[in-house]
Amino acid sequence: MKKLLALVAAVIITGVATAQTFDENDRKMFNEGQILTKNDLKFASPDTPWNTQHPKMVYSIHNEGDETIVTFAHSIYFDSQWVTFSKGIMVVDCETGDTYRTRGYAIDGLTMDRLLIVKGCNRKNILVPLRFPKLKRKVKYIDVYSYGHDDDLKPTNRSKIDNSCLGKNLSVKALKKKHKGGKIYE
C-alpha cells in the first residue's frame, strides 16, 4: 500500500511539474484566435513528409499579380493546435542576396496579429500560403528564413525548436512545378 501511495504521489508531482501554465496574455491570444477547421483548409499531398521537429516546410511557389505566393506545409500533430507564422519570414535570392519579406497570409481574412487555431487536422500537413513581393525573373534558387519579429505572437507554451532555416537552396522552377495552378484558397 505504501508503494502504491508513493507511486501515486510521484505521478501527481510529475504531472504538476510538467503541466503547462498559461498567463493572461495566453488566454487573450487563444480567445481572439482565428479558428480554422479541416473544412477551411487545404492539405499537402500524401507524399509530403510529416515532421514534428521542423513542422514548417516550403511546399510550392507561384506568382499572383505583383506578388509571389510561397506556400508552406505545416505538420499538425494535435486535434486542436495553434499555429503562427513569423512576420520575420523572408525569402533570399541565393545568387544576389536580395531579400523579400512576408506581407502576410494569402488567405482572405487571416491576419498575422492573431493566432491560427487549427482543429480536426491531427497528423495532417496543412497548406498555409504567405504573400511576398514578386521575385525577380532571374531568381533561380532561394533560401527561406524565419528570424522572428518583435511583433510576433509568442505564447508561453511555444516550441523551443529553432526553425530559423525553413528551406535552403530551393529551386524556384521545381517549386513552381509543384504548384498545380489556380489559387490554393479561393
Side-chain angles (χ1 to χ4, degrees), residues 34 36 38 40-77 81-116 118 121 123-154 158-186:
Q34 304 165 108
L36 300 172
K38 61 184 173 187
D40 303 318
L41 297 163
K42 304 288 185 206
F43 299 95
S45 61
D47 62 336
T48 303
W50 192 82
N51 192 335
T52 58
Q53 291 298 316
H54 300 285
K56 292 178 184 120
M57 65 194 92
V58 178
Y59 186 77
S60 69
I61 192 169
H62 72 281
N63 292 328
E64 275 184 25
D66 65 346
E67 294 184 313
T68 294
I69 307 299
V70 178
T71 300
F72 293 84
H74 191 295
S75 296
I76 301 297
Y77 41 91
Q81 176 178 331
W82 61 264
V83 173
T84 60
F85 281 80
S86 172
K87 294 177 183 178
I89 293 178
M90 67 178 72
V91 172
V92 179
D93 179 347
C94 290
E95 187 175 320
T96 66
D98 290 345
T99 61
Y100 304 83
R101 297 183 186 278
T102 187
R103 292 179 171 170
Y105 293 110
I107 303 173
D108 289 339
L110 293 186
T111 62
M112 294 186 104
D113 63 344
R114 294 171 56 202
L115 284 179
L116 296 180
V118 177
C121 299
R123 304 218 36 77
K124 294 189 184 324
N125 284 311
I126 64 169
L127 296 178
V128 180
L130 297 181
R131 299 178 301 109
F132 291 84
K134 191 170 186 176
L135 299 181
K136 295 177 184 171
R137 279 187 186 256
K138 63 182 178 174
V139 176
K140 303 271 189 254
Y141 293 91
I142 58 172
D143 295 336
V144 181
Y145 297 100
S146 179
Y147 289 120
H149 189 276
D150 289 342
D151 293 339
D152 285 343
L153 296 174
K154 299 174 182 110
R158 75 173 194 251
S159 172
K160 303 299 185 219
I161 299 169
D162 178 15
N163 285 323
S164 59
C165 183
L166 301 177
K168 201 84 167 124
N169 204 31
L170 302 171
S171 166
V172 172
K173 186 176 181 179
L175 289 169
K176 282 186 176 184
K177 277 185 183 176
K178 192 158 187 183
H179 179 73
K180 296 185 176 30
K183 290 184 177 182
I184 290 178
Y185 290 92
E186 296 181 6

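When a residue number appears, it is its place in the shown sequence, counting from 1.
The CG atom of Leu166 sits 8.5 Å away from the CZ atom of Phe85 when rounded to the nearest 0.5 Å. In this structure, Thr84 OG1 and Leu115 CG are separated by 7.0 Å, a value rounded to the nearest 0.5 Å. Between the NZ atom in Lys176 and the CD1 atom in Ile61 there is a gap of 7.0 Å [rounded to 0.5 Å]. Atom OG of Ser146 is separated from atom NZ of Lys56 by 6.0 Å, given to the nearest 0.5 angstrom. Summarising the geometry, atom NZ belonging to Lys124 is positioned 16.0 Å from atom NE2 belonging to His74; distances are rounded to the nearest 0.5 Å. Considering CE of Met90 and CZ of Phe132, their distance stands at 9.5 Å, rounded to 0.5 Å.
Minimum interatomic distance between Ser86 and Thr102 (heavy atoms only, all atoms of both residues): O-CG2, 3.7 Å. Met57 and Ser75 make their closest contact through CE-OG, 4.3 Å (heavy atoms, listed as atom of the first residue, atom of the second, distance). Across every non-hydrogen atom of Tyr145 and Cys165, the tightest pair is CD2-CA, 4.0 Å. Contact record, Pro129 with Thr71: CB-OG1, 3.7 Å, taken as the closest heavy-atom pair. Of all the heavy atoms in Ala174 and Ser171, the pair that sits closest is N-OG, 3.1 Å. The shortest heavy-atom contact between Thr48 and Asn125 is O-ND2, 3.3 Å.
Side-chain contact between Leu36 and Leu110 is present, with heavy atoms from C-beta onward closer than 4.5 Å. Side-chain contact between Val70 and Val58 is present, with heavy atoms from C-beta onward closer than 4.5 Å. With a 4.5 Å cut-off on side-chain heavy atoms, Phe72 and Leu130 count as touching. The closest side-chain heavy-atom distance from Ile126 to Phe43 is below 4.5 Å. Taking the side chain as every heavy atom from C-beta outward, Arg103 and Pro133 approach each other to under 4.5 Å.
Note on Asp143 versus Lys168: salt bridge recorded, some NZ/NE/NH1/NH2 to OD/OE distance being below 4.0 Å. Arg131 has a carboxylate O that lies under 4.0 Å from a charged side-chain N of Glu67, or vice versa, which qualifies the two as a salt bridge. Salt bridge Lys136/Asp93: absent, no basic N to carboxylate O contact under 4.0 Å.
The number of heavy atoms from other shown groups lying within 6.0 Å of OH (Tyr105) is above 12. Sparse packing is recorded around NZ of Lys177, with 12 or fewer heavy atoms of other residues, nucleotides or ligands lying under 6.0 Å away.
With hydrogens and angles ignored, the 3.5 Å screen pairs a side-chain donor or acceptor of Gln34 with a backbone N or O of Thr111. The backbone N or O of Ser45 sits less than 3.5 Å from a side-chain atom of Tyr59, completing a donor-acceptor pair.
Tyr100 pairs with exactly one of Ile89, Leu135, Ile142, Val92 by the side-chain contact (heavy atoms from CB on, under 4.5 Å) rule, that one being Leu135.
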Legend entry - From CA spacing to verdict: side-chain contact (heavy atoms from CB on, under 4.5 Å), Val172, Lys140: CA-CA 5 Å; Val172 172; Lys140 303 271 189 254; 5.9 Å; no

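Donor-acceptor pairing under 3.5 Å is recorded for the side chains of Asn63 and Thr68.
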